[in-house]
Amino acid sequence: QKVDLSAIDDPSVLVENFAQDLFIRADEADRQGISDMKVGRAFYASSVVIDSCKQFGDLPADLQEKHKYARWRFVEITKAEKEGRPPAPPPQLATNDLFDLGAATPADGEDGGTGEQQIG
(Lines give C-alpha, C1' and ligand atoms only; values in the text may rest on other atoms or scores of the structure.)
Protein backbone atom coordinates (compact mmCIF):
# COMPACT_ATOMS: atom_id res chain seq x y z
CA GLN A 1 0.00 0.00 0.00
CA LYS A 2 1.45 3.34 -1.07
CA VAL A 3 1.48 6.18 1.40
CA ASP A 4 0.66 9.66 0.14
CA LEU A 5 3.65 11.88 0.94
CA SER A 6 1.39 14.83 1.63
CA ALA A 7 -0.20 12.83 4.44
CA ILE A 8 3.19 12.44 6.13
CA ASP A 9 4.70 15.86 5.64
CA ASP A 10 5.64 18.44 3.07
CA PRO A 11 7.90 16.73 0.47
CA SER A 12 10.41 19.58 0.60
CA VAL A 13 10.80 19.05 4.34
CA LEU A 14 11.29 15.31 3.87
CA VAL A 15 14.01 15.81 1.24
CA GLU A 16 15.74 18.50 3.28
CA ASN A 17 15.67 16.31 6.41
CA PHE A 18 17.14 13.42 4.43
CA ALA A 19 19.91 15.68 3.10
CA GLN A 20 20.64 16.95 6.61
CA ASP A 21 20.75 13.39 7.95
CA LEU A 22 23.19 12.26 5.24
CA PHE A 23 25.41 15.26 5.90
CA ILE A 24 25.42 14.79 9.68
CA ARG A 25 26.29 11.09 9.42
CA ALA A 26 29.16 11.80 7.01
CA ASP A 27 30.46 14.69 9.11
CA GLU A 28 30.33 12.72 12.36
CA ALA A 29 32.22 9.79 10.81
CA ASP A 30 34.77 12.18 9.28
CA ARG A 31 35.36 13.92 12.61
CA GLN A 32 35.83 10.51 14.29
CA GLY A 33 38.73 9.87 11.93
CA ILE A 34 36.87 7.63 9.49
CA SER A 35 37.75 9.48 6.29
CA ASP A 36 37.53 6.68 3.74
CA MET A 37 35.78 6.57 0.38
CA LYS A 38 32.55 5.43 2.03
CA VAL A 39 32.47 8.70 3.95
CA GLY A 40 33.53 10.59 0.82
CA ARG A 41 30.61 9.10 -1.09
CA ALA A 42 28.28 10.00 1.78
CA PHE A 43 29.42 13.62 1.51
CA TYR A 44 28.84 13.46 -2.25
CA ALA A 45 25.38 11.94 -1.79
CA SER A 46 24.44 14.65 0.69
CA SER A 47 25.55 17.35 -1.77
CA VAL A 48 23.42 15.77 -4.52
CA VAL A 49 20.35 15.59 -2.28
CA ILE A 50 20.92 19.18 -1.17
CA ASP A 51 21.09 20.12 -4.87
CA SER A 52 17.71 18.47 -5.35
CA CYS A 53 16.28 20.71 -2.62
CA LYS A 54 16.74 23.64 -5.02
CA GLN A 55 13.65 22.50 -6.92
CA PHE A 56 11.56 23.59 -3.93
CA GLY A 57 13.01 27.11 -3.90
CA ASP A 58 16.12 28.93 -2.76
CA LEU A 59 18.30 27.07 -0.29
CA PRO A 60 18.65 28.48 3.22
CA ALA A 61 22.13 29.77 4.06
CA ASP A 62 22.93 26.79 6.31
CA LEU A 63 22.14 24.31 3.52
CA GLN A 64 24.25 26.30 1.06
CA GLU A 65 27.21 26.06 3.46
CA LYS A 66 26.66 22.34 4.02
CA HIS A 67 26.50 21.83 0.25
CA LYS A 68 29.78 23.67 -0.28
CA TYR A 69 31.49 21.84 2.58
CA ALA A 70 30.21 18.41 1.48
CA ARG A 71 31.56 18.93 -2.06
CA TRP A 72 34.87 20.16 -0.69
CA ARG A 73 35.29 17.18 1.69
CA PHE A 74 34.35 14.73 -1.06
CA VAL A 75 37.03 16.21 -3.31
CA GLU A 76 39.62 16.18 -0.51
CA ILE A 77 38.92 12.56 0.43
CA THR A 78 38.85 11.42 -3.21
CA LYS A 79 42.14 13.19 -4.05
CA ALA A 80 43.81 11.67 -1.00
CA GLU A 81 42.60 8.20 -1.96
CA LYS A 82 43.92 8.58 -5.53
CA GLU A 83 47.26 9.85 -4.24
CA GLY A 84 47.55 7.03 -1.70
CA ARG A 85 47.73 9.31 1.30
CA PRO A 86 45.42 9.86 4.25
CA PRO A 87 43.10 12.84 3.76
CA ALA A 88 43.71 16.00 5.72
CA PRO A 89 41.63 15.98 8.90
CA PRO A 90 38.45 18.01 8.82
CA PRO A 91 38.87 21.59 9.99
CA GLN A 92 38.27 22.28 13.64
CA LEU A 93 35.24 24.42 14.23
CA ALA A 94 35.73 27.59 16.23
CA THR A 95 32.25 27.49 17.76
CA ASN A 96 29.92 24.88 19.14
CA ASP A 97 27.72 25.43 16.11
CA LEU A 98 28.47 22.30 14.08
CA PHE A 99 27.23 23.87 10.88
CA ASP A 100 28.90 27.27 10.97
CA LEU A 101 31.17 26.08 8.18
CA GLY A 102 31.86 29.37 6.42
CA ALA A 103 35.36 29.53 7.90
CA ALA A 104 35.93 25.80 7.53
CA THR A 105 35.67 25.63 3.75
CA PRO A 106 38.42 26.76 1.38
CA ALA A 107 38.54 30.39 0.43
CA ASP A 108 37.26 31.36 -3.00
CA GLY A 109 39.92 30.64 -5.56
CA GLU A 110 41.60 27.86 -3.57
CA ASP A 111 39.44 24.93 -4.56
CA GLY A 112 35.85 26.12 -4.90
CA GLY A 113 34.60 22.57 -4.38
CA THR A 114 35.66 21.48 -7.86
CA GLY A 115 38.91 19.80 -6.94
CA GLU A 116 40.87 22.02 -9.30
CA GLN A 117 43.24 24.79 -8.35
CA GLN A 118 41.95 28.06 -9.73
CA ILE A 119 44.57 30.40 -11.14
CA GLY A 120 44.00 34.00 -11.87
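All values below were derived from every heavy atom in this structure, side-chain atoms included, with hydrogens, water molecules and symmetry-related copies excluded. Just so it is clear, the model here is predicted, and its values are computed rather than measured.
- Other members of the hydrophobic cluster containing Val15, listed by chain and number, are Phe18, Leu22, Val49, Phe56; membership follows side-chain contacts under 4.5 Å among ILVMFWY residues, whether direct or relayed.
- Under the 30°/60° scheme for interplanar angles, the aromatic rings of Tyr44 and Phe74 are found to be tilted.
- Residues Asp21 and Arg25 have side chains in contact (heavy-atom distance under 4.5 Å, counting atoms from C-beta outward).
- Counting all heavy atoms, side chain and backbone alike, Arg73 lies closest to Ser35 at NH2-OG, 3.8 Å.
- Follow the hydrophobic side-chain contacts under 4.5 Å out from Val48 and you never reach Leu59; the two are in separate clusters.
- Side-chain atoms of Asp36 come within 3.5 Å of backbone N or O of Val39 as a donor-acceptor pair.
- Distance check, rounded to the nearest 0.5 Å: CD of Glu81 to CD of Glu83 gives 10.5 Å.
- A continuous path of ILVMFWY side-chain contacts below 4.5 Å connects Ile77 to Trp72, so both sit in one hydrophobic cluster.
- Glu76 places a side-chain N or O within 3.5 Å of a backbone atom of Ala88 that can act as its donor or acceptor partner.
- Of the residues Pro87, Pro90, Pro89, the one that meets the side-chain contact (heavy atoms from CB on, under 4.5 Å) test with Asp30 is Pro90.
- Distance NZ/Lys66 to CG/Leu63: 6.0 Å, rounded to 0.5 Å.
- For the pair Ser46/Tyr69, no side-chain contact is recorded, criterion being any heavy-atom separation below 4.5 Å from C-beta on.
- Here side-chain hydrogen bond (donor to acceptor under 3.5 Å, both in side chains) pairs that include residues 52-61, with residues two or more places apart or in two chains, are Asp51-Lys54.
- In this structure, CZ in Arg71 is found 5.0 Å from NE2 in His67, a value given to the nearest 0.5 Å.
- With contacts defined as side-chain heavy-atom distances shorter than 4.5 Å, the pair Asp62/Gln20 qualifies.
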